[in-house]
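Taking it in order: structure first as structure tokens, then the write-up.
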Amino acid sequence: MSILEQLNPAQREAAAATKGPVLVLAGAGSGKTRVLTYRIAHLIQEQGVAPWNILAVTFTNKAAGEMRERVEHLVGDLANEIWIGTFHSICARLLRYEAEHFGLDRSFSIYDEDDRRAAMRRVFEAYNINDKDLTPRSVIAQISRAKNAMVDPMTFASEAGQSANKKLIADLYTAYEADLRRNNALDFDDLLVETVRQFDNHPNVLEKYQQRFHYAHVDEYQDTNRPQYMLCRQLADHHRNLCVVGDDDQSIYQFRGADLRNILDFERDYPDAQTVRLEQNYRSTKRILEAANQVIANNKDRKGKALWTDGEEGHLIELVQCDTDRREARFVVESLRQLTGSGGYAPGDAAILYRTNAQSRALEEELQRSGLRYTIVGSIRFYERREIKDVLTYLRLLANPADDVGLRRIINVPRRGIGDTSLDYVQRHALNNGLNLFTAIGQLDFVEGLNARARKQIAAFRDIMEDLSAARKTAQLAELGQLVFERSGYLQMLRDENTPEAQMREENVEQLIAFMTEFSDTREEATLEAFLEEIALMSPMDETEGNGNAITLMTLHSAKGLEYPVVFMCGMEENLFPTARSVEESRRDPQAIEEERRLCYVGITRARERLYLTYTNRRYAYGNMIDCDPSRFLQEIPDELFSVKREVVDFNPRMRKPGQTRFGTSSQRESNRSGQQVRKKVVEKKMPKGVHYEWDAPKQASEDLFSDLVDQDDFLAVGQWVRHASWGKGQIVARDGQGENMKLSIRFGPHVKKVAVAYAQLEPA
DNA sequence: CAGGGACAAAATGAA
DNA sequence: TTTGTCCCTG
């Protein structure tokens, strides 16, 4: 009996169709990963295909790992021989394998957003650009768009025509590319574009892989961009056994060049393609599915399909209107407390989804207060933390000394007294002699202009790097990491700082080193390059694992491919979801809203049993309250699917400021004398002379928090314990207000330069 | 060169 | 409200 017997008829049809091009249109929760894994197992076990003749491409490492695991479950160790990976990792691998044929240096660095911005800043300096509305960021965006369209600098220039602006961008693009080449570096886009281009230029190399991959599979085909599309075509061109799986309704990566047309036109690209639709959903209740179907039905640009399920009607969807974002967070947390308490759900059963990462803050604060376990996917990514990036940059420089961007990042971290001026001398020497910075530093005696002090410091840095470089030949990966941490002086720097944050940073680096050990233990090819590549291509999803017992917070984008019994979608408001930008664009082009709607569809279909949709009347943005309207997507869900709409409002304990007064503020958490957790808020601002301010503050206060401020002579400090007070420098009046607030007002005398106002709230135990 | 203040900009999403 | 950059001073 074939293993395909375990599939439903549509799934079986898709998995059994192994000859020729196949398009599987798989709705959310219809078992597409199942189809892919069974198809691969079927090929290996029942059709006798060698695993190394099979290619499977996904978008995230997590998806790739999951697929390998599931195939392994079916066919055993043979699964290890299959080429499974993300587009980016497979391309990186191909570029390194074929480096000689392609004329590349195989130790190339992979630049992330930070690095490419740093590189672009250098280009800006070289071109002396001071134009206000030309930022490195915007130029990079344009270059990235060009790359995704497979437009190289020369083509870009020739298409620029008479437009001075375009010409300038073309120049910057050219210079940026030259810079990356000089640094022996590729950015994310390059990994894909270079591979396609190299294959174009080296048909004999391409042919090798075409021969090799008898069967190719591509997951999430709706999110492929131009180079990814071309790569698929290139690799599958010989055997033509290309199986693409996707859902046009879940295409959410247009912003990074994904082209919906790739999936919509698949049948045109391959007229002999067989198309299979998977429309039976095994995940969600009828009501949730109906909501999703109704929302997505408003899109025009789609193949059209309707999910259905045998499952239960299920619970009604909860629609909740909240006064503020803070109140919204509190509602979510209160609900979660119930659900995970008497509700019988585990924390790991629930996800909180939002449109933008910034929204996670209010939610996190409330969760922290509640003591519920949670993890956040992707907001402050581990590998983007400063200390981690710094240490990694040292390592990167050891692997690729030509990496000027990397060298600039760490040559003065920790502080060695090597400033821009000194580095400019080195740069000049490098430029004059066609060297990279690292090599230039090696010839310090020939660098002109440096004073003795700088020369000594740079020499010290050079010695460190040479030591590390020598150690690299013998040391294990983790040993090398530890050595970098110590020898660079980074560890000492953190120790000297002697703060809890520095302590935390030290622990983070230790964690990185632990990961290096694990990497060596589990990989056959545990080289420094392989390690750096893995980290560079890691997605935020990949960083969270083994937290099945915690509530997950993430963006809607990160949630794709996942499912949870309980899902909260927060911030269902116009100008947030859909974003202001798409609302704006949709005035000219009604289609512009469609990607947002697909994202909404993705969110809804993550839920298995319970779905909560929340929106607010007002929300903080850049430090001030803005009014919000409910999202149009809410109106697209039929009323009968909702339970009674709930409205949650309560006292807003934040400081309010009448008039146009603006304060700089900061808040921090600390313990008071009796060991209670206290949130302290300090407001300070340089004051114009003799101005009168008035505002509300909460009544509860903790006197001892402010004593340090009171003592400073150019500060006036006010806590609620002050009833009447006056200093020579100004006058303070505090009186009881209504409710939980008390009115504070201050009149400032002419010689007051600064004022600090602090109040504190006791945290609930 | 480093540290601090003033001021401007920021945040859609991500490999 | 937070973060980054520019400019000034010691």
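Throughout, a chain's letter reflects where its sequence line sits, starting with A, and its residues are numbered from 1.
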Report the distance from atom [atom1] of [X] to atom [atom2] of [N], rounded to the nearest whole Å.
X: Phe87(A); N: dA14(B); atom1: CZ; atom2: P; value: 19 Å
X: Leu95(A); N: dA15(B); atom1: CG; atom2: P; value: 19 Å
X: Arg386(A); N: dG4(C); atom1: CZ; atom2: P; value: 9 Å
X: Phe124(A); N: dT5(C); atom1: CZ; atom2: P; value: 13 Å
X: Arg453(A); N: dA2(B); atom1: CZ; atom2: P; value: 8 Å

*Side-chain contact test, heavy atoms from C-beta onward, threshold under 4.5 Å: evaluate it for Leu407(A) versus Phe461(A) and give yes or no.*
yes

*By a strict heavy-atom criterion of less than 4.0 Å, which residues belonging to residues 408-426 of chain A are in contact with DNA chain B?*
Asn412(A), Arg415(A), Gly417(A), Ile418(A), Gly419(A), Asp420(A), Thr421(A), Ser422(A)

*Counting side-chain heavy atoms from C-beta on, which of dT2(C), dA15(B), dG13(B) comes nearest to Arg361(A)?*
dT2(C)

*Among dG13(B), dT12(B), dC1(B), which is the nearest nucleotide to the side chain of Thr579(A)?*
dT12(B)

*asked:* Does Glu125(A) have more than 12 heavy atoms from other residues, nucleotides or ligands lying within 6.0 Å of its CD?
replied: yes

*Distance under 6.0 Å and angle within 45° of the ring axis: does Arg226(A) meet both against Tyr229(A)?*
no

_Charged tip of Arg606(A) within 45° of Tyr564(A) ring normal and under 6.0 Å_ = no

Which pairs, protein N/O on one side and nucleotides 6-10 of chain C N/O on the other, fall under 3.5 Å?
none

*Between Phe59(A) and His88(A), does the ring centroid distance fall short of 6.0 Å?*
no

_For the aromatic rings, using the six-membered ring if either is Trp, is the centroid distance between His557(A) and Tyr354(A) under 6.0 Å?_
no

*Looking only at N and O atoms, is any donor in the side chain of Glu113(A) or the base of dA15(B) less than 3.5 Å from an acceptor on the other one?*
yes

*Contact nearer the 5' end of DNA chain B, comparing Arg117(A) with Arg256(A)*: Arg117(A)

*Closer than 4.0 Å, any side-chain N/O of Thr555(A) to the OP1 or OP2 of dA14(B)?*
yes

_Run the salt bridge (Lys or Arg N to Asp or Glu O under 4.0 Å) test against Arg505(A) and tell me which residues pass, sequence neighbours left out._
Glu387(A)

*asked:* With a 4.0 Å cut-off on N to O distance, would you call Arg116(A) and Asp187(A) a salt bridge?
replied: yes

